[in-house]
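Any value given below was found using the heavy atoms of this structure, including those in side chains, with hydrogens, waters and symmetry copies removed.
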Amino acid sequence: MHGATTHCGYNPPFPLQNGLAMRLSKFHIATTREDPADAEIASHRLMLRAGMIRKLASGIYTWSPLGLRVLRKVEAIIREEMRNAGAIEMLMPSVQPRELWDESGRWNKYGPALLKFRDRREQEFCYGPTHEEVICEFARNELRSYRQLPVTFFQIQTKFRDEIRPRFGVMRSREFIMKDAYSFHMDQASQDETYRAMYDAYSRIFTRLGLEFRAVAADSGAIGGDVSHEFQVMADSGEDAIAFSDRSDYAANVELAEAVAPATPRPAPSQKLTRVETPEQRTIEEVGAFLNVPARQCVKTLLVRGTDGVVALCLRGDHELNEVKAAKQPELPGESVLAGEAEVRAATGATPGFIGPVGLPQDIPVIVDRSAAVLADFVCGGNVDGTHYTGANWERDARITRVADLRKVVAGDPSPDGRGMLSIARGIEVGHIFQNGDKYTRAMNVAVLGEDGKARTPITGCYGIGVTRIVAAAIEQNHDERGIIWPDAMAPWRAVICVINPKNDPAVDAAAESLYRDMTGRGIETALDDRGLRPGAMFADLELIGIPHRIVVSERGLAAGRFEYRGRRDAESRNMDRDALLALLG
Ligand code: ATP
Ligand code: MG
């Protein structure tokens, strides 16, 4: 039937758009020159200016056609690597019934980030912030035997968390896309193997995306079991501080990084304990300057609320309390909260700023940081307003209930693995992997038959990637004053051909068209900028959007048989003939 009407030599029109090609005149590009008022960080600013996202409501964004192209690239790489690692894709609903969350105990525990609502029958639901409950419901219905395990399911799906402070655009939004995966195992050895496989898959994903990242040991907090790693994209605007060794692959969230005990023992006391007047000096800086003593020779004392009255935490003056470490001390109720001024006064008779370990009432435990514990002849608060002590010494003058690791590590500290020194950098958490043990499977009654025919509770791991956050994180790491600089793997198009044709010379259009076909034919994803903009405006747009490779076709170049090529990071353009160009991009 077809054959009868086909013309001889019929040449089908080159598609307007397909997987690789796009005429920008037929696409939706909506860039702006002005910086948006409420965007604090570069990625947020540039995503708005490039027209990748549009805000619908606080923390809720539309992805424009341009933004979606980038998002799809990220998804495709994640999907491929998850499959390579043996995970099986599925799709779970966003809307989840309350009953499941009651079973896990999280309906009330998850907190205000859980968006709850009712349907017309007054049934309660939430919009899923995560899917442990739903996957456990699936698993308990589908998995019967140990033979079906281990198994890892994953999905790429929209989550909602009613974040207290949505900010930085899609970096911390309320609605966002996550890749979440859940694995089920009969034993720990199997869990360890899958955890490793996911760790490796994550490393490949972020490497392929062209990001500078680190896998860091993380504080899994109240959510998971013991083992947990975060994948952090390094960027100054990141919310997390990461400590890493300059000589090994040790890396940990600062919340978790151990401050090792100083190698040198505490010197013997050489000074007399002396009370000195410090009428107006409360802070370590003020006291140190007044008494001409460096901060590292002072002890600062914080009173926090313990399970049974206040607890004193002592640190070297130049160090800061790590609240996560403090919260783990057995005298504290699982969180570290400073005592109020009235509580401090009731416990010591003095106000904060003049508190110290010397002469504290016997019933107040004194937990001393490792570095503070090796000080001798130190300065500390006098427990009488307007006074401090000089020449104070542990044991002789002040009690130690326990020495503990309480402080935040600082740059220059020895690495806890014994190799190298710590540096501190900021990062953006783009992925997080956990081992959950039987936390969810036990609560949700997931059971499979073991080899011996008896019912067993499997253990689980969960593995998340912030798909939408990755796009913002990549921009934080790759931009300049002119705009975004996409790594090739994430770019909306790898290359763009700019048509400069003020006189409407058909030869220019034809040359551009032919190059466009050649590049696309070779699998190079290419946009043709045929919008007819003036060169300055066109280049500014394309630089803002961040396309990695730009080729200019103009009358002048054409006369010399050349194209003008410029990489997004290059300072200048180069003239190239077609073969050199295709070789460079192919
Ligand atoms: P964060 O500490 O940043 O709030 P989280 O520990 O709550 O993250 P997970 O529950 O482990 O995050 O979720 C997996 C991934 O989802 C995170 O690593 C992050 O990349 C992404 N993510 C979490 N919350 C948000 C959000 N509000 N906006 C965008 N991405 C998010
Ligand atoms: Mg969170």
Review point. Are R49 and E34 ion-paired here, with the side-chain N under 4.0 Å from a carboxylate O?
Key: no

Review point. Below 4.0 angstrom, N of the basic side chain to O of the carboxylate: do D541 and R531 qualify?
Key: yes

Review point. Are a donor atom and an acceptor atom from the side chains of H131 and Y182 found within less than 3.5 Å of each other?
Key: no

Exercise for review: Side-chain contact test, heavy atoms from C-beta onward, threshold under 4.5 Å: evaluate it for E212 versus V233 and give yes or no.
Suggested key: no

Practice item. Can you measure from CZ (R204) to CD1 (I78) and round to the nearest 0.5 angstrom? Key: 13.5 Å

Point to revise | Pairwise distance CG(L71) to CD1(I53) - rounded to 0.5 angstrom | key: 11.0 Å

Check your understanding: Is there a side-chain contact between W493 and W486, using heavy atoms and a 4.5 Å cut-off?
Key -> no

Check your understanding: Can you tell me if S554 and E564 form a side-chain donor-acceptor pair at under 3.5 Å?
Key -> no

Exercise for review: Check the side chains of D488 and H549 for a donor-acceptor pair under 3.5 angstrom, ignoring hydrogens and angles.
Suggested key: yes

Review point. Judged by atom type as modelled, is there a donor-acceptor pair below 3.5 Å linking the side chain of Y202 to the main-chain atoms of G464?
Key: yes

Point to revise | Flag, side chain of T468 to backbone of I177, donor-acceptor distance under 3.5 Å | key: yes

Review point. With no hydrogens and no angle check, do the side chains of K116 and Y110 hold a donor and an acceptor under 3.5 Å apart?
Key: no

Check your understanding: Would you call E89 and R79 a salt bridge, using N to O less than 4.0 angstrom?
Key -> yes

**Study point:** F138 and F153 aromatic centres sub-6.0 Å
**Key:** yes

Review point. Does a side chain donor of either N478 or R569 reach within less than 3.5 Å of an acceptor in the other side chain?
Key: yes

Review point. Does a sphere of radius 6.0 Å around CD in E239 hold more than 12 heavy atoms from other residues, nucleotides or ligands, not counting ones at 6.0 Å or beyond?
Key: yes

Check your understanding: Are any side-chain N or O atoms of Q155 and backbone N or O atoms of A181, one a donor and one an acceptor, separated by less than 3.5 Å?
Key -> no

Check your understanding: Judged by atom type as modelled, is there a donor-acceptor pair below 3.5 Å linking the side chain of W107 to the main-chain atoms of C126?
Key -> no

Practice item. Report yes or no: does R469 contribute a side-chain atom to a donor-acceptor pair with the main-chain N or O of E429 at less than 3.5 Å? Key: yes

Review point. Do F244 and V216 come within less than 4.5 Å of each other through their side chains, counting heavy atoms only?
Key: no

Exercise for review: Please determine if R494 and E525 form a salt bridge, counting it only when a charged side-chain N lies under 4.0 Å from a carboxylate O.
Suggested key: no

Check your understanding: Taking the six-membered ring where the residue is Trp, are the ring centres of F125 and W101 under 6.0 Å apart?
Key -> no

Point to revise | For A489 against I77, the heavy-atom pair lying closest together | key: CB-CD1, 4.0 Å

Study note, to complete from the structure: Exactly one candidate in D318, N322, D413 meets side chain to side chain donor-acceptor pair (under 3.5 Å) with R407; the answer is D413

**Study point:** Flag side-chain contact, heavy atom, 4.5 Å: W63 against V170
**Key:** yes

Exercise for review: Starting at CE of M171, measure out to OG of S43 and round the result to the nearest 0.5 Å.
Suggested key: 4.0 Å

Exercise for review: Look only at the side chain of E132 and the backbone of Y440, and say whether a donor-acceptor pair between them is shorter than 3.5 Å.
Suggested key: no

Review point. Taking the side chain as C-beta and beyond, is there a heavy-atom pair between V74 and V471 under 4.5 Å?
Key: yes

Review point. How are the rings of F206 and F213 set relative to one another: parallel (under 30°), tilted (30 to 60°) or perpendicular (over 60°)?
Key: tilted

Check your understanding: Sub-3.5 Å donor-acceptor pair from the side chain of D570 to the main-chain atoms of G567, do we have one?
Key -> yes

Practice item. May I ask you to decide whether R568 forms a salt bridge with D480, counting only side-chain N to carboxylate O separations under 4.0 Å? Key: yes

Practice item. Could you tell me whether R165 atom CZ has more than 12 heavy atoms of other residues or ligands within 6.0 Å of it? Key: no

Review point. Can you tell me how far CD1 of I465 sits from CD1 of I156, rounded to the nearest 0.5 angstrom?
Key: 8.5 Å

Check your understanding: Are E163 and R174 ion-paired here, with the side-chain N under 4.0 Å from a carboxylate O?
Key -> no

**Study point:** Closest non-hydrogen atom pair, L48 against P36
**Key:** CD1-CG, 3.6 Å

Check your understanding: Is any side-chain N of the basic residue among E40 and R167 closer than 4.0 Å to the acidic one's carboxylate O?
Key -> no

**Study point:** Residues D200 and R196 bridged, charged N to O under 4.0 Å
**Key:** yes

Review point. Atom CG in L581, atom CG in L585: separation rounded to 0.5 Å?
Key: 5.0 Å

**Study point:** Heavy-atom pair with the smallest gap, counting every atom of K55 and D38
**Key:** NZ-OD2, 3.9 Å

Review point. With distance as the sole criterion, is a donor-acceptor pair present between the side chains of H229 and Y195 under 3.5 Å?
Key: yes

Review point. Does E476 reach the side chain of S237, with side-chain heavy atoms less than 4.5 Å apart?
Key: yes

**Study point:** Presence of salt bridge, E80 and R83, under 4.0 angstrom
**Key:** no

**Study point:** P416 side chain reached by Y250 side chain, heavy atoms, under 4.5 Å
**Key:** yes

Check your understanding: Should we count CZ of R72 as having more than 12 external heavy atoms under 6.0 Å?
Key -> no

Point to revise | Donor-acceptor pair, side chain of Y127 and main chain of D162, under 3.5 angstrom | key: no

Practice item. Take S573 and Y565, measure what side chain to side chain donor-acceptor pair (under 3.5 Å) needs, and give me the verdict at the end. Key: CA-CA 5 Å; S573 304; Y565 166 83; over 6 Å; no

Review point. Would you call K159 and D180 a salt bridge, taking side-chain N to carboxylate O under 4.0 Å as the test?
Key: yes

Review point. Any luck finding a side-chain donor-acceptor pair between H432 and S228 under 3.5 Å?
Key: yes

Point to revise | R426 (side chain) donor-acceptor with I242 (main chain) under 3.5 angstrom | key: no

Review point. Would you say the side chains of D417 and S248 form a donor-acceptor pair under 3.5 Å?
Key: yes

Check your understanding: Is there a donor-acceptor contact under 3.5 Å from the side chain of R69 to the main chain of S64?
Key -> no

Check your understanding: Distance from L24 atom CG to D529 atom CG, nearest 0.5 Å?
Key -> 4.5 Å

Point to revise | Distance-minimising heavy-atom pair for T31 and A50 | key: CG2-O, 3.9 Å

Check your understanding: Considering only heavy atoms from C-beta outward, does the side chain of L56 approach that of E175 to under 4.5 Å?
Key -> no

Practice item. Mark yes when over 12 heavy atoms from residues, nucleotides or ligands other than R556 sit less than 6.0 Å from its CZ; otherwise mark no. Key: no

Point to revise | Test log, rule side chain to side chain donor-acceptor pair (under 3.5 Å), inputs D246 and S423 | key: CA-CA 7 Å; D246 59 356; S423 299; 5.5 Å; no

Practice item. Run the salt-bridge test on K503 and D505 with the 4.0 Å N-O cut-off and return the result as yes or no. Key: no

Check your understanding: For the residue pair Q96 and T130, what are the closest heavy atoms and their distance?
Key -> NE2-O, 3.4 Å

